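Written out below as structure tokens is the structure these notes cover.
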Amino acid sequence: MIIEDELTSAPLYRDVMRSLESSARIMNANKNVIERLRLPRRAIRVSIPVRMDDDRIQIFSGFRVQHNHTLGPFKGGIRYHPQVNMGEVAGLAALMTFKNSLLGLPLGGAKGGVQVDPAALSKSEIESLTRRFTSELSPFIGSDKDIPAPDVGTNEETMAWMLDTYALETGYSQMGIVTGKPIEIGGSQGRLSSTGLGLVHTMEKALEVKDTSIDRATIAIQGFGKVGLHACIEAHALGARVVAVSDISGAIYNPRGLNITDLIRYKDENRFIKDYPNAEPITNGELLELDVDVLAPCALDGVINEKNMHSIQAKIIAEGANGPTTFESSRYLNQKGVLVVPDILANGGGVVVSYFEWVQDVGWLFWTEKEVRTRLRNIMHGTFDKVWRLSEDPLFTDINKKNGKDLRLISMVSSLHRLEKAMKLRGQAW
Ligand code: GLU
């Protein structure tokens with residue numbers, strides 16, 4: 001039995017449920033469908049004993065939540081972070097269901113995580129942890145069952161260990177068991193940059209509807225990891241002026257635009273962006289409040305909230321992270337005229353290319369980087385256009401007047417339309 005209180009104690013889960021309920025009300029969704037989507041189908045909790053380098057045993061808590069698989073196998077990342085808990089993972093798993101549905105992928109939604117600070121562990125400790133976690137999950141995952149991928153705190157290497165452990169458990173190599181793995185063992189061209197690139201594609205569209213374009217835009221990016229770094233590179237390549245970025249060491253600002261190539265070189269040499277000479281230091285909080293065309297929070301959830309929402313000056317917020325803007329602050333900012341491009345749309349590029357990777361794996365195919373990038377661009381632009389068209393539906397006339405075009409709710413309605421149809425066809429709701 002899944003204990004709802006445990007889930008609702010996580011702010012992210014509560015926010016996801018609030019946007020589910022609000023969009024369900026707007027579209028007058030089938031009650032049975034919503035009832036089924038409120039709780040995950042399965043929530044797995046495991047203990048992961050790890051022999052640490054000093055020979056101590058340390059036990060970590062691991063989670064995998066399989067939210068819904070009406071549209072296809074469960075799909076979603078694995079997060080290593082000290083704040084991971086069942087409620088957060090369940091909220092993130094539900095977001096994957098809605099994201100995959102919105103993007104038109106034949107995939108359901110899941111998410112996993114381990115409560116751990118990966119920076120505090122040695123590489124061999126992380127490998128042991130990953131292998132043991134994968135063994136515990138192995139009865140529940142598989143390339144046509146549930147397909148993990150990287151998320152915060154995990155990467156290609158983590159996926160390679162998962163693939164290898166799963167092969168040891170089952171006795172044969174199944175390349176489609178995880179996505180986001182190294183190219184040499186079945187990964188896809190273009191997967192590393194995919195979330196950042198997809199994010200920039202949604203920025204292009206959002207700027208277009210605001211009657212401007214990416215080559216005239218100023219952008220601030222919170223986070224310089226897997227998502228933020230590639231968003232910087234891709235936006236810069238399209239002529240945008242990236243004026244601020246941040247990592248855990250702090251934030252930097254240069255109103256004339258940062259030289260991204262030089263900044264990457266500096267980070268490679270110094271590990272962090274702190275003290276980068278060609279910019280002024282600012283705080284992470286100040287970065288969020290800059291007067292820019294696009295603000296892209298690409299780190300953790302809840303960074304734009306009731307405390308700082310009144311100080312946000314950006315014209316567009318493109319959610320590179322999952323849940324960076326709370327439900328309340330998102331609504332407030334929309335009413336103020338800020339266009340918030342929600343996570344399930346803005347950061348969908350990662351799972352889109354995961355899907356391409358999986359298609360290549362199960363079909364023993366290899367696509368070129370150009371092919372991957374063209375297909376990604378078509379899906380991202382196409383999905384934005386679909387949401388924008390839906391925003392002009394009479395269903396939203398009054399709400400648009402009252403709240404401004406609320407792309408979070410509109411994207412959710414689009415996603416729910418597909419899920420509702422599929423659940424009825426499968427006899428899961430009536
Ligand atoms: N972790 C990414 C996300 O939140 C990618 C998930 C995947 O590729 O399965 O969308």
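The structure displayed is predicted, hence computed values, not measured ones. Along the sequence shown, residues carry numbers from 1. Whatever order the structure lists ligands and atoms in, that order sets their numbers, starting from 1.
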Donor-acceptor pairs are to be reported for all side-chain atoms of residues 232-244 against protein atoms at under 3.5 Å, with residues two or more places apart or in another chain.
from   : atom 1 : to     : atom 2 : distance (Å)
Glu234 : OE1    : Arg373 : NH2    : 2.9
Glu234 : OE2    : Arg373 : NH1    : 3.1
Arg241 : NH1    : Pro255 : O      : 2.6

For this session: Give the protein residues with at least one non-hydrogen atom closer than 4.0 Å to an atom of ligand 1, ordered by chain and number.
Result: Lys75, Gly76, Gly77, Met96, Lys99, Lys111, Ala149, Pro150, Asp151, Arg191, Asn322, Gly350, Val351, Ser354
Exercise. Any Lys/Arg nitrogen of Asp146 or Lys75 sitting under 4.0 Å from an Asp/Glu carboxylate oxygen of the other?
Worked result: no
Seminar exercise, completed: Across all chains, not counting sequence neighbours, the salt bridge (Lys or Arg N to Asp or Glu O under 4.0 Å) partners of Arg132 are Glu136
Exercise. Excluding sequence neighbours, so at least two apart, what forms salt bridge (Lys or Arg N to Asp or Glu O under 4.0 Å) with Arg14?
Worked result: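 Residues passing salt bridge (Lys or Arg N to Asp or Glu O under 4.0 Å) with Arg14: none at all.
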Exercise. Is Lys181 close enough and on-axis enough to Trp161, meaning under 6.0 Å and within 45°, for cation-pi?
Worked result: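 Checked: cation-pi criterion not met.
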Exercise. Using the ring of each side chain (for Trp, its six-membered ring), is Phe98 parallel, tilted or perpendicular to His67, with breaks at 30° and 60°?
Worked result: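 Aromatic pair Phe98/His67 classed perpendicular.
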